[in-house]
Amino acid sequence: VVQQNEQVVFANPAAAQLHGYDSPAELLAADIAELIPAGELSLIRSRPDELTRGGKFAQIERRGLRRDGTEFICEARGSQIIWAGEPAMLILLRDITDRKRAEREASEHAALLGTTLEIMGHGYCLFDAGFRLAGFNRKYVESHQFPSGFVRLGMTYEELLRTMAQMSTFGE
């Protein structure tokens, strides 16, 4: 989109679709407050000041609004241009809603798995294909009576075995 004085003066079909409009012309008729949630307007209004200092503004993540009022998350970046003889902002938007949702779900699943593995009744350790420690729980450390802080991600299977041998874990 091209924005001048808090008004969209140009939009391509992708921008219209992103905001839930049937055509760029419909998007041009929308007020900026219909495109950006109220809590984010102050951030958007501060961007022109940033542009006057450097001509471009860094990529940010922000929320946007669709025509039906639903929110989406987007990456926004842009630069100062001249449009119809006046200063304007060329703003590139990319919808990252699905990516952010997938990241959040992966984080939630990882946290649940971590909690599950930590509270299970026996110790576990997991090695990657290079025989480096990729995961373990507190019960594993306790059951082998390793020194505090000794077991760490990335250590080799050989390091663990040598330490266990020195501790006489395998007997004489």
Side-chain angles (χ1 to χ4, degrees), residues 1-83 86-120 124-130 132-141 151-155:
V1 298
V2 175
Q3 180 182 320
Q4 240 173 4
N5 302 318
E6 294 194 18
Q7 182 67 38
V8 175
V9 295
F10 172 81
N12 65 9
Q17 182 181 13
L18 176 66
H19 285 283
Y21 291 84
D22 295 326
S23 71
E26 288 181 346
L27 182 60
L28 298 182
D31 184 86
I32 194 168
E34 297 174 75
L35 306 175
I36 302 167
E40 304 239 342
L41 278 173
S42 61
L43 170 68
I44 301 310
R45 289 181 173 137
S46 72
R47 300 311 291 227
D49 293 337
E50 186 178 331
L51 282 171
T52 59
R53 292 191 301 271
K56 294 183 178 190
F57 64 79
Q59 180 172 294
I60 60 168
E61 286 184 11
R62 70 165 179 84
R63 294 176 298 138
L65 286 175
R66 289 189 173 49
R67 185 180 205 172
D68 65 5
T70 60
E71 290 188 4
F72 62 91
I73 304 170
C74 65
E75 292 175 339
R77 61 187 165 115
S79 58
Q80 189 171 30
I81 62 169
I82 300 297
W83 185 267
E86 298 290 325
M89 290 186 292
L90 173 63
I91 303 168
L92 305 173
L93 301 170
R94 181 183 321 166
D95 187 348
I96 59 169
T97 305
D98 291 340
R99 183 181 83 195
K100 297 303 278 186
R101 182 180 306 115
E103 288 172 358
R104 185 182 65 248
E105 289 173 1
S107 177
E108 289 170 358
H109 289 305
L112 178 60
L113 177 61
T115 299
T116 301
L117 293 173
E118 194 58 45
I119 63 173
M120 68 183 189
Y124 94 96
C125 67
L126 174 70
F127 292 90
D128 64 18
R132 295 201 167 271
L133 190 60
F136 64 95
N137 65 0
R138 188 174 358 104
K139 194 77 169 174
Y140 174 74
V141 174
V151 179
R152 65 196 181 288
L153 295 178
M155 71 184 313

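Along the sequence shown, the residues carry numbers beginning at 1.
- We find that K100 and D95 are not joined by a salt bridge, their nearest charged nitrogen and carboxylate oxygen being 4.0 Å or further apart.
- For the pair V141 and R138, the minimum side-chain heavy-atom distance is 4.5 Å or more.
- In terms of heavy atoms, I36 sits closest to E40 at CG2-CB, 3.7 Å.
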Run the side-chain contact (heavy atoms from CB on, under 4.5 Å) check on N137 and I119 step by step: do they pass? CA-CA 8 Å; N137 65 0; I119 63 173; over 6 Å; no
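- Remark: the backbone N or O of A134 is not paired with any side-chain donor or acceptor of D128 at under 3.5 angstrom.
- The two residues C125 and L133 have their closest heavy-atom pair at CB-CD1, 3.8 Å.
- A salt bridge is absent between E118 and K139; no separation between the charged side-chain nitrogens and carboxylate oxygens falls under 4.0 Å.
- Around CG of N5, the count of heavy atoms belonging to other residues, nucleotides or ligands within 6.0 Å does not exceed 12.
- Taking both residues in full, the closest heavy atoms of Q7 and A30 are given as NE2-O, 3.5 Å, listed atom of the first, atom of the second, then distance.
- Atom CD of E103 and atom CD of E108 lie 12.0 Å apart (nearest 0.5 Å).
- Look at R62 and E75 and you find no salt bridge, because none of the NZ, NE, NH1 or NH2 atoms lies under 4.0 Å from a carboxylate O.
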Going by atom type alone, with no hydrogens or angles, which donor-acceptor pairs under 3.5 Å involve a side-chain atom of residues 109-117 and a protein atom two or more places apart or on another chain?
unit_1	atom_1	unit_2	atom_2	d
T115	OG1	A111	O	3.0
T116	OG1	L112	O	2.8

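- The number of heavy-atom neighbours closer than 6.0 Å to CZ of R63, taken from other residues, nucleotides and ligands shown, is above 12.
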Go through the steps to decide whether R77 and I60 satisfy the test side-chain contact (heavy atoms from CB on, under 4.5 Å), and finish with yes or no. CA-CA 7 Å; R77 61 187 165 115; I60 60 168; over 6 Å; no
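- Taking the side chain as every heavy atom from C-beta outward, R66 and E71 never approach each other to under 4.5 Å.
- The shortest non-hydrogen separation linking Q4 to A88 is CG-CB, 3.5 Å.
- You'll find the side chain of L90 stays beyond 4.5 Å of the side chain of F10, heavy atoms only.
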Taking only distance into account, with no hydrogens and no angle test, what donor-acceptor pairs under 3.5 Å do side-chain atoms of residues 12-19 form with protein atoms, sequence neighbours excluded?
unit_1	atom_1	unit_2	atom_2	d
N12	OD1	A14	N	3.3
N12	OD1	A15	N	2.8
H19	ND1	L65	O	2.9

Please assess E26 against R67 for the test side-chain contact (heavy atoms from CB on, under 4.5 Å), listing each intermediate value before the final yes or no. CA-CA 10 Å; E26 288 181 346; R67 185 180 205 172; 2.9 Å; yes
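- The shortest non-hydrogen separation linking G154 to R132 is O-NH1, 2.7 Å.
- Checked by atom type and distance alone, the side chain of T97 never pairs as donor or acceptor with a backbone atom of F72 at under 3.5 Å.
- Atom CD of E6 and atom CE of M89 lie 8.0 Å apart (nearest 0.5 Å).
- In terms of heavy-atom proximity, L28 sits nearest to V9 at CD2-C, 3.5 Å.
- Around CZ of R99, the count of heavy atoms belonging to other residues, nucleotides or ligands within 6.0 Å exceeds 12.
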Might you work through the side-chain contact (heavy atoms from CB on, under 4.5 Å) test for F136 and R152, ending with a clear yes or no? CA-CA 9 Å; F136 64 95; R152 65 196 181 288; 5.7 Å; no
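- In this structure, CZ on R94 lies 14.0 Å from CD1 on I73, to the nearest 0.5 angstrom.
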